[in-house]
Amino acid sequence: IYCPPCPVGISVEKDFFDVQCLSPVKEDSWSEPLNIRLPREFRISDMTMVQQAAVQGKTDDKFVAAYRIDFLSGGGGLESRAKRFEERESILLSREGRKEKDIRPLVKKLEYCLHEGHPVLDAHLVCGQQEYLSPLDFLDVLLEDRKRDYLGSTDITRKGFYCNDERIYV
C-alpha cells in the first residue's frame with residue numbers, strides 16, 4: 001500500500017503506514033511504543049492491522065484514497081462540473097516539464113451533495129505506487145478557470161482508504 005502524505009492544507013482523519021513483521025503481532029502492542037517517539041501533536045488513538053494476504057498481488061489501481069472536499073463558500077456550477085467530469089472518458093492533466101497524463105481512470109468515485117447548505121464532493125482517487133492523483137491536481141482539472149473562486153474556501157480531508165473496493169481504513 002502506498003499513498004504520499006497529504007499536501008499542506010489537507011487534513012487527515014486517519015492515515016496508515018506500512019510495516020512488515022517477521023512474526024504475528026497484537027494491535028494493542030504497537031500504539032504506545034510509537035506514541036512515545038512521536039511529537040506531542042501526533043497520537044495513535046486506534047489501530048487496525050491489514051494482513052499482507054489481504055492486499056498481496058493487488059494491482060495499483062485497486063488502492064484508493066477517499067477525500068471529502070467541502071466548498072465553504074461559492075460552489076455555484078460545481079454539480080454540473082462534477083457530472084461533466086464523470087461523463088468524459090478521458091481528461092488530460094498537463095504540468096510543465098511532465099508528460100501529459102489521463103487522470104479520468106484515476107477517479108474511481110465522484111459524488112456531489114449539499115451538506116448544511118454548502119456543496120461537498122466525495123472523491124475516491126487512486127493512490128498506488130505507479131499511479132497517484134493528488135486531490136489538488138484533481139481540483140485543478142475539475143475547476144479549470146474557476147479554481148481561484150473556489151480554492152480559498154475549500155476544506156479537503158482524507159477520510160480513509162480502500163483496497164479492491166473494500167474499506168480498509170475509514
Side-chain angles (χ1 to χ4, degrees), residues 1-21 34 38-39 41-42 44 46-72 75 78 81-113 119-148 150-170:
I1 300 174
Y2 169 81
C3 191
C6 284
V8 172
I10 297 179
S11 59
V12 178
E13 286 191 357
K14 295 185 179 183
D15 216 341
F16 73 92
F17 61 96
D18 209 358
V19 175
Q20 292 185 349
C21 303
L34 290 172
L38 289 171
E41 299 82 21
F42 297 100
I44 298 171
D46 189 21
M47 186 176 288
T48 302
M49 298 291 228
V50 177
Q51 299 299 318
Q52 185 175 9
V55 296
Q56 198 166 24
K58 308 298 187 223
T59 58
D60 256 2
D61 69 344
K62 301 301 181 189
F63 297 105
V64 174
Y67 295 92
R68 177 187 167 113
I69 306 167
D70 288 89
F71 294 83
L72 305 175
L78 189 60
R81 284 177 184 268
K83 282 182 183 176
R84 282 194 312 268
F85 187 97
E86 285 229 289
E87 291 168 355
R88 294 176 60 188
E89 289 183 26
S90 176
I91 300 169
L92 297 178
L93 170 68
S94 28
R95 291 276 188 244
E96 191 174 319
R98 289 197 229 163
K99 183 179 163 187
E100 233 178 20
K101 164 166 97 169
D102 183 7
I103 66 165
R104 183 59 191 96
L106 303 179
V107 180
K108 297 299 183 183
K109 175 182 173 184
L110 179 59
E111 291 182 356
Y112 169 91
C113 71
V120 173
L121 290 176
D122 179 19
H124 289 199
L125 310 176
V126 168
C127 62
Q129 288 181 332
Q130 301 300 315
E131 292 290 342
Y132 167 73
L133 179 60
S134 84
L136 295 178
D137 283 345
F138 163 70
L139 286 173
D140 273 353
V141 172
L142 179 73
L143 302 176
E144 300 168 23
D145 56 326
R146 301 277 316 274
K147 65 183 170 192
R148 287 186 183 193
Y150 291 107
L151 288 182
S153 61
T154 304
D155 183 23
I156 304 170
T157 305
R158 186 164 63 200
K159 303 290 280 182
F161 298 94
Y162 291 80
C163 175
N164 284 351
D165 298 324
E166 182 180 326
R167 189 184 312 195
I168 55 175
Y169 282 129
V170 175

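Just the heavy atoms: all of them, side chains too, but no hydrogens, waters or symmetry mates, feed the values below. For clarity, every value in this text was computed on a predicted model and none was experimentally measured.
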Ring pair (Phe, Tyr, Trp, His ring centres under 6.0 Å) assessment of Phe85 paired with Phe138: CA-CA 10 Å; Phe85 187 97; Phe138 163 70; 5.4 Å; yes

Check: Asp155 and Leu72 side chains under 4.5 Å, non-hydrogen atoms: yes

Reported CZ-to-CZ distance for the pair Arg81 and Arg84, which is rounded to 0.5 angstrom: 6.0 Å

Check: Arg68 side chain, Lys159 main-chain N or O, donor-acceptor pair, under 3.5 Å: no

Which atom of Cys127 lies closest to which atom of Ala65, heavy atoms considered: SG-N, 3.6 Å

Sub-4.5 Å side-chain heavy-atom contact between Asp137 and Ile103: no

Gap between atom CG of Leu110 and atom CD1 of Ile69 - 0.5 Å precision: 8.0 Å

Leu106 and Lys101, any side-chain heavy atoms less than 4.5 Å apart: yes

Backbone of Leu92 reached by a side-chain donor or acceptor of Asp102 within 3.5 Å: no

Point-to-point distance, once rounded to the nearest 0.5 Å, from CG of Leu78 to CG of Leu143: 6.5 Å

Ser90 side, atom OG; Arg104 side, atom CZ - distance, nearest 0.5 Å: 10.0 Å

Spacing of CG belonging to Leu125 relative to CG belonging to Leu133, to within rounding of 0.5 Å: 5.0 Å

The single option from Phe161, Tyr162, Tyr67 passing side-chain contact (heavy atoms from CB on, under 4.5 Å) against His124: Tyr162

Derivation and outcome, side-chain contact (heavy atoms from CB on, under 4.5 Å), residues Leu121 and Glu111: CA-CA 6 Å; Leu121 290 176; Glu111 291 182 356; over 6 Å; no

Test of ring centre spacing under 6.0 Å for Tyr132 and Phe63: no

Approximate separation, where rounding is to 0.5 Å, of Phe71 CZ and Ile156 CD1: 7.5 Å

Electrostatic pair Lys109:Asp122 at N-O distance under 4.0 angstrom: yes

